Novice: 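This is the structure I have questions about; it appears just below.
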Amino acid sequence: MGVSAVGASSFSMRKVRTGLSAFVVLGGAAFYLYGPAVTPALNSAAASECNDLIGGNYRSYQLQWVVGSRPHWLCSNRFQPAEGPLDMGWWVTPGF
């Protein structure tokens with residue numbers, strides 16, 4: 001392997017663009033699937049909205065992030081499981 005005095009490397013701009021594009025696409029897909037569940041602001045906003053929707057206190061709600069072909073939040077009341085879970089969708093607006 002030779003050493004270059006002018007800083008030439010084996011990385012071409014095409015390889016760099018392809019790698020960067022793949023990173024952005026995979027990162028976007030990962031955020032779509034798992035981002036709202038691991039982002040603290042979105043997670044706490046979903047918990048607050050779930051609590052408001054079921055009209056309970058913070059001990060009575062159960063919040064789940066469901067990953068599938070359409071990821072979404074599910075909110076249910078622990079003390080009344082017969083009511084069934086409420087689908088809250090993918091996005092909840094955080095209150096900064």
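In this chain, residues are counted from 1 in sequence order. Just so you know, these numbers use all the heavy atoms, side chains as well, and skip hydrogens, waters and symmetry mates. Computed from a predicted model, the values in this text were never measured in an experiment.
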Novice: For the hydrophobic clusters of this structure (ILVMFWY residues joined by side-chain heavy atoms under 4.5 Å, transitively), does one cluster hold both Val66 and Leu86?
Specialist: no
Novice: Taking all atoms of both residues into account, what is the closest heavy-atom pair of His72 and Arg70, and its distance?
Specialist: ND1-O, 2.8 Å
Novice: Indicate the ring-plane relationship of Trp90 and Phe31, choosing parallel, tilted or perpendicular according to the 30° and 60° boundaries.
Specialist: perpendicular
Novice: Between Leu74 and Asp87, is the side-chain contact (heavy atoms from CB on, under 4.5 Å) condition met? List the steps.
Specialist: CA-CA 5 Å; Leu74 277 181; Asp87 184 357; 4.3 Å; yes
Novice: Closer than 3.5 angstrom, by distance alone: can the side chain of Ser48 be matched with the main-chain N or O of Ser44 as a donor-acceptor pair?
Specialist: no
Novice: Is the distance from the ring center of Trp65 to that of Trp73 below 6.0 Å?
Specialist: yes
Novice: Please check if atom OH in Tyr34 has more than 12 non-hydrogen atoms from other residues, nucleotides or ligands closer than 6.0 Å.
Specialist: no
Novice: Could you tell me the separation between the OG atom of Ser76 and the CD atom of Gln64, rounded to the nearest 0.5 Å?
Specialist: 6.5 Å
Novice: With rounding to the nearest 0.5 Å, note down the distance linking CD in Glu49 to CD1 in Ile54.
Specialist: 12.0 Å
Novice: Quick check for you: to the nearest 0.5 Å, what is the distance between Asn51 atom CG and Ser60 atom OG?
Specialist: 6.0 Å
Novice: Applying a strict under-4.5 Å side-chain criterion to I, L, V, M, F, W and Y, I'd like to know whether Val67 and Val92 cluster together.
Specialist: yes
Novice: I need the Met88 CE to Leu63 CG distance, nearest 0.5 Å.
Specialist: 6.0 Å
Novice: Identify whether Tyr32 and Val38 are in the same connected component of the hydrophobic contact network (ILVMFWY, side-chain heavy atoms under 4.5 Å).
Specialist: no
